[in-house]
Amino acid sequence: MSLLAVSNLTKRYHRGGKPFAAVDEVSFEVGPGETLALAGPSGSGKSTIARLVLRLIEPDAGRIGFEGADFLALSGAALRARRARLQMVFQDPLAAFNPRATVARVLDDPLRIHNIASRAERPRRIAALLERVGLDAGLAARAIHEISGGQRQRVAIARAIATRPSLIVLDEAVSALDVSVRGQILELLLDLQRRERIAYLFISHDLGVIRAVAHRVVILDAGRIAESGDARAVIANPQSPVGKALVEAAPRLTRNRP
Amino acid sequence: MTVLLSIRNLKVAYRRDGVAVQALKGVSLDVEAGERLAIIGESGSGKSTLALAAAGLLARGAEIGGRVDWFLPASAGAKAEDRQPSVLATSHPLLGREIGFVFQDPSSSLDPVMPIGKQIAEVTRTHLGLGWKDACAKAKTLLERVRLPDPSSALHAYPHQLSGGQKQRVAIAAAIAAGPTLLIADEATSALDTIVQAEIVALIRRLVSEDGMTLIFISHDIALAAALADRIAVLRHGELIELGGTDQILNAPRHAYTRALLDAHLGLDANPLLDRQGVSA
């Protein structure tokens, strides 16, 4: 039983007066607790798929099933309720938050909007969320712009898990982080997945990162699926031209290991 | 080896909200003529400040200490041993002529309302004294050299009509237009996807080799740096942690921080984190 079932999803835009399909008849499924990576070069449709799945934009054709419901047919209160189960973390958390808000305010919003905790209970919940993502509860009073990029991405993850989602869309969520911080954030995501069985739709242009954390991968090219399968198997032996190009282009560290 | 650029005890501080932030805390290194030197580090390491200081591009408010001395080959007609040291604090006549600079975001280095051919031609008009006709012909040759498709019509294109990778090719064409001695690439591929990044790295490698330029390649990616550089300098919190040949840095790093950077690299041969955690679908 799949958690997310996307079938024949299509989104067309106009470029230079001519219509083109940013996403063209794309189908895939994500199971509970699974990480499915979407890989591909710029313009391959990865982020458009993320926005379609989150219903930040509406598709021209296709279906999105989420937790057994027809996600595209939902509206109003039913859509809001279901959205609590489907969260997102973007590349640049500074752009995703009100920079003048405090960490507490950022985490208070989802708890309040989705009626998860009473006003009196929320400060305790916020402290627990911060602790859950490896941050000191004392950070709650700090402004978003005052904390480091790695801390900010942890707050973004804390906000995402506040509503107890079954799926988080991670759109280049570790791409802007320093490598030392990146490793910690990936470990955190894996730990959350293991404990809470959260599924990830993990969007990245970096096959090294994908190979480290994803179970399966879908490789996109110009809005279409070029190939898909077990992440390690596809990366070890890509079949499509774009898959081969991505593997070929990945920076390699050639060390003479002892 | 001949030293092209000598940096001694370079200190740079910026003022932020009235507080001095020390971006470089006394860095000393020599850049040798003809070498490809990578400067790597994480955010806040001072790597971009070092590049900007070398190019004389630091913001006016920056507090600067130490020396940056250039030893440029003599210009035509002068004696071979006639070198021209220039000190950092003085005005820099070098940028564009002796130093080509490629930034991370080509959109912000290109004028959005000027055809790209004209932007490249301006460089050779300014620094080589060419007339418009010759400058435009040279611009077309440069667009061919950076492998922009259809260079004749690309001369008349505006930046917004090009992809990110193509814009970076144009920025590189402008950077090398006056035949600089030194090319500085500051995170020049970081905003590009992996495939385009590999193409731009290959382009930089080819141009540097064809023109005999010295290269300073600034990057946060140690694997990318290692693919291009003869030597690697590792910066952290404004200090030079380690400097050595690429082979030594990769295989016998002396500093724990360098080892940590190497270990954090997620290559296609690394042990997946999934396995270490024992997670399964």
Side-chain angles (χ1 to χ4, degrees), chain A residues 16 30-36 39-44 46 148-150 174-184 186-187 189-191 193-194 199 204-216 230-232 235-236 242 245-258, chain B residues 17 40-45 160-161 163-166 189-202 219-228 236 246-253 257 259-281:
Chain A
V30 184
E34 182 190 33
T35 298
L36 175 73
S42 301
S44 59
K46 310 184 290 289
S148 74
V174 300
S175 307
L177 300 173
D178 282 329
V179 286
S180 52
V181 179
R182 180 182 71 182
Q184 296 162 12
L186 291 173
E187 297 277 6
L189 290 170
L190 289 174
D191 185 54
Q193 180 169 67
R194 194 184 56 200
S204 176
H205 67 281
D206 186 335
L207 286 189
V209 171
I210 286 173
R211 192 174 166 283
V213 300
H215 302 100
R216 290 188 301 124
D230 174 84
R232 266 172 268 180
I235 292 167
V242 68
L246 283 168
V247 168
E248 180 66 28
R252 282 171 174 72
L253 260 187
T254 31
R255 300 165 74 181
N256 315 322
R257 286 169 202 274
Chain B
D17 303 328
I40 64 162
E42 299 189 292
S43 357
S45 63
H160 76 268
Q161 294 170 306
S163 70
Q166 289 172 336
T189 66
S190 306
L192 307 170
D193 74 41
T194 322
I195 294 175
V196 180
Q197 166 172 278
E199 291 169 3
I200 296 292
V201 166
S219 179
H220 66 281
D221 187 334
I222 195 167
L224 201 61
L228 198 53
R236 187 191 195 190
T246 299
D247 192 55
Q248 179 253 304
I249 294 286
L250 261 48
N251 295 306
Y257 179 68
R259 274 196 295 281
L261 281 182
L262 288 165
D263 291 342
H265 174 74
L266 291 172
L268 299 187
D269 55 352
N271 187 11
L273 297 174
L274 269 177
D275 290 357
R276 294 179 218 169
Q277 293 232 347
V279 177
S280 62

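Naming convention: chains lettered A, B, ... in sequence-line order (proteins, then strands); numbering from 1 in each chain.
- The parts of A:L207 that come within reach of chain B are both its backbone and its side chain, each placing non-hydrogen atoms under 4.5 angstrom from that chain.
- With rounding to the nearest 0.5 angstrom, the CG atom of B:L266 is 11.5 Å from the CD1 atom of A:I210.
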Trace of the side chain to side chain contact (heavy atoms under 4.5 Å, CB included) decision for A:R252 with B:L268 | CA-CA 8 Å; A:R252 282 171 174 72; B:L268 299 187; 3.9 Å; yes
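- Ranked by non-hydrogen atom pairs under 4.5 Å with chain B, the options A:S148, A:A212, A:G208 are led by A:A212.
- Separation of atoms CZ (A:R211) and CG (B:D269) is listed at 7.0 Å; rounding is to 0.5 Å.
- A donor-acceptor pair is defined here as one N or O able to donate and one able to accept, closer than 3.5 Å; no such pair exists between the side chain of B:T194 and the backbone of A:A250.
- Contact count against chain B (heavy-atom pairs under 4.5 Å) is highest for A:P41 among A:G183, A:G31, A:P41.
- Ranked by heavy-atom pairs shorter than 4.5 Å toward chain A, the options B:I222, B:L262, B:V196 are led by B:L262.
- Looking at B:Q197, the atoms closer than 4.5 Å to chain A (heavy atoms on both sides) all sit in the side chain, from C-beta outward.
- Rounding to the nearest 0.5 angstrom, the gap separating the CG atom in B:D221 from the CG atom in A:L253 is 8.0 Å.
- Other residues, nucleotides and ligands contribute more than 12 heavy atoms inside 6.0 Å of the CD atom of B:Q161.
- For a residue to count as touching a neighbouring chain, one of its non-hydrogen atoms must lie under 4.5 Å from one of that chain's; by this rule A:A176 does not touch chain B.
- The backbone N or O of B:A264 sits less than 3.5 Å from a side-chain atom of A:R182, completing a donor-acceptor pair.
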